[in-house]
Every structure is written in structure tokens, then in C-alpha cells.
Amino acid sequence: MRRTVIAGNWKMNMTPSQTKAFITELAPMVAGMDKCDIVLCVPYVDIATAVEAAKGTNIKIGAENVHFAESGAYTGEISAAMLKEIGTEYVVIGHSERRQYFGETDTTVNLRTKAALAAGLKVILCLGEVKDERLNGITNEIVRMQTKLDLLGVSAEEMKNVIIAYEPVWAIGTGLTATPEQADETCGVIRGALCELYGCEVAEATTVQYGGSMNDANAAELLAKVNVDGGLIGGASLKTDKFTAIVKAANA
Ligand code: PGA
């Protein structure tokens with residue numbers, strides 16, 4: 001059976017000292033809540049501190065992006081090997097903010113995904129439609145296309161280390177949440193595309209999260225849906241009590 005994964009995406013928030021304080025406070029609050037995996041994806045400079053603070057707890061640490069080259073003249077970028085060496089386990093790839101503000105395309109998302117998997121990182125691959133696409137009734141086509149393009153050349157074996165985060169762009173940071181029915185349906189469409197790519201056994205074993213204004217108040221009904229295997233949480237992952245409430249909902 002696929003795992004439920006509750007992952008925080010801190011975005012550009014928290015310094016290393018704030019990171020240490022946050023994880024020290026969070027760890028006892030989520031101790032023993034083992035029906036889901038708990039991940040915090042944090043800014044690069046916070047990773048080493050986060051890994052140290054999370055030692056011996058059930059909290060795993062991820063990065064928010066990774067470059068696709070092994071090394072070389074890519075000023076300002078970070079490689080998968082660098083992340084691995086400091087104890088990073090997960091990496092978010094293709095977040096809509098990267099696609100929107102930093103020119104990320106399905107091609108670069110695919111390259112990053114393959115580089116991360118080759119280095120032994122677990123990938124949280126983000127995709128989802130923008131508002132006009134949903135209004136025009138082409139959500140299913142968009143997420144199917146993104147799923148297939150972003151995973152080009154990724155093997156069925158490597159899918160063990162891939163989590164998909166379905167994140168409707170109109171719901172991210174807006175306070176608008178997809179209804180549980182919308183989230184369930186579109187996560188199901190993504191699973192259908194995975195079934196076409198890898199066979200339904202692999203598709204059934206792949207975690208497909210929902211992300212977009214998930215919070216302590218709406219998590220339980222989203223997570224109750226059969227195709228929603230967890231959440232990628234932005235704003236609500238910056239408060240230990242709110243994040244814990246979501247983890248608790250996933251453990252109910
Ligand atoms: P949000 O962000 O929970 O603040 O909407 C989700 C995300 O960007 O992953």
C-alpha cells in the first residue's frame with residue numbers, strides 16, 4: 001500500500017536558528033504519529049541545521065529544488081550530490097512558483113527529476129493547472145501531459161522514490177482550496193496517467209499528494225479521499241500547531 005506523506009514546503013522562510021527552534025518544538029508534538037511520513041522541505045541554508053535537529057525523530061528533511069547537472073559552471077545552483085552529502089532525503093521539484101517566477105518548464109523539471117533520482121534523493125514532483133485551464137475544462141489534459149512530460153525516462157523502479165504533488169496553481173497561497181471532490185478526481189486522473197506509463201500496480205503504489213491552502217481546518221476531509229495520499233503544505237507548515245494538526249488528521 002502507498003504511504004501517506006505530509007510534507008511542509010517552507011518556501012523562502014526561516015533562518016537556521018529559527019529552523020532549529022521550530023524542529024525542536026515540533027518533534028515531541030508529532031512523535032509516534034507514524035501512519036504517515038513527515039517531511040519538512042526547507043531552504044538550502046537551513047538543511048544542515050534541520051538534519052541535525054531532526055536526528056532521532058520521525059521528521060525527514062528535504063530541499064526545495066535541485067540543479068540537473070552533476071557539477072560545473074552554474075553560478076548559484078546546488079547539485080543533487082551536494083544535497084545528499086549533507087543528509088537531505090527529499091527534494092521538491094517543479095513547484096508552481098519555480099515554473100511561474102523562474103522559468104521552470106516541463107523539460108527542466110524532467111531533467112532535475114532524473115538527476116535527483118540518480119543521486120538517490122526522493123522526489124516530490126509538483127504539477128497542476130492554472131485557473132484559466134480549470135475554467136476552460138482542460139485540467140485533466142494539463143495534468144496528464146505534465147505527468148508524462150515530467151517523468152519522461154524515469155523507470156518503473158525509480159517510481160518507488162517519486163511522490164506526485166497535485167497542486168492547482170489557483171489554490172496555492174490564495175486561501176482557495178480545491179474541494180475534496182476536485183482534489184480526489186484530479187489526483188485520480190494523475191494516477192490514471194501513471195497507470196498508462198508504468199502499469200496500474202506502480203500507479204497504485206505511488207503517493208499522490210494534494211497541495212494548495214491545505215490547513216488544520218480542511219486537511220481531514222481532503223485526506224479522507226481515496227486518491228489523496230497526503231499533502232504538500234506551504235503556509236500552514238510554518239506553525240508547529242497547525243502542521244501538527246494536519247499530521248494528526250493523517251493519523252486518524
Ligand atoms: P500553501 O502552499 O499551502 O501556502 O497554499 C502550498 C505549496 O505551495 O506547496
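Being a predicted model, the structure only gives us computed values, none of them experimental. Both counts, for ligands and for their atoms, begin at 1 and track the order of listing. Note that the numbering runs from 1 along the sequence shown for the chain.
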**Study point:** Residue pairs passing the salt bridge (charged side-chain N to carboxylate O under 4.0 Å, His left out) test where at least one lies in residues 102-128, sequence neighbours excluded
**Key:** E89-K122, R98-E104, R99-D106, E104-R112
Study note, to complete from the structure: Residues with a heavy atom under 4.0 Å from ligand 1, by chain and number, are N9, K11, H95, E167, A171, I172, G173, G212, S213, L232, I233, G234, G235
Practice item. On the 0 to 90° scale, with breaks at 30° and 60°, tag the H67-Y74 ring pair as parallel, tilted or perpendicular. Key: tilted
Check your understanding: Regarding E25 and T240, is there a side-chain donor-to-acceptor distance under 3.5 Å anywhere?
Key -> yes
Point to revise | Donor on one side chain, acceptor on other, E129 and Y166, under 3.5 Å | key: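 Note: E129 and Y166 side chains meet the donor-acceptor criterion.
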Point to revise | Partner set under salt bridge (Lys or Arg N to Asp or Glu O under 4.0 Å) for E52, not counting sequence neighbours | key: K55
Study note, to complete from the structure: By side chain to side chain donor-acceptor pair (under 3.5 Å), K20 pairs with (sequence neighbours left out) none
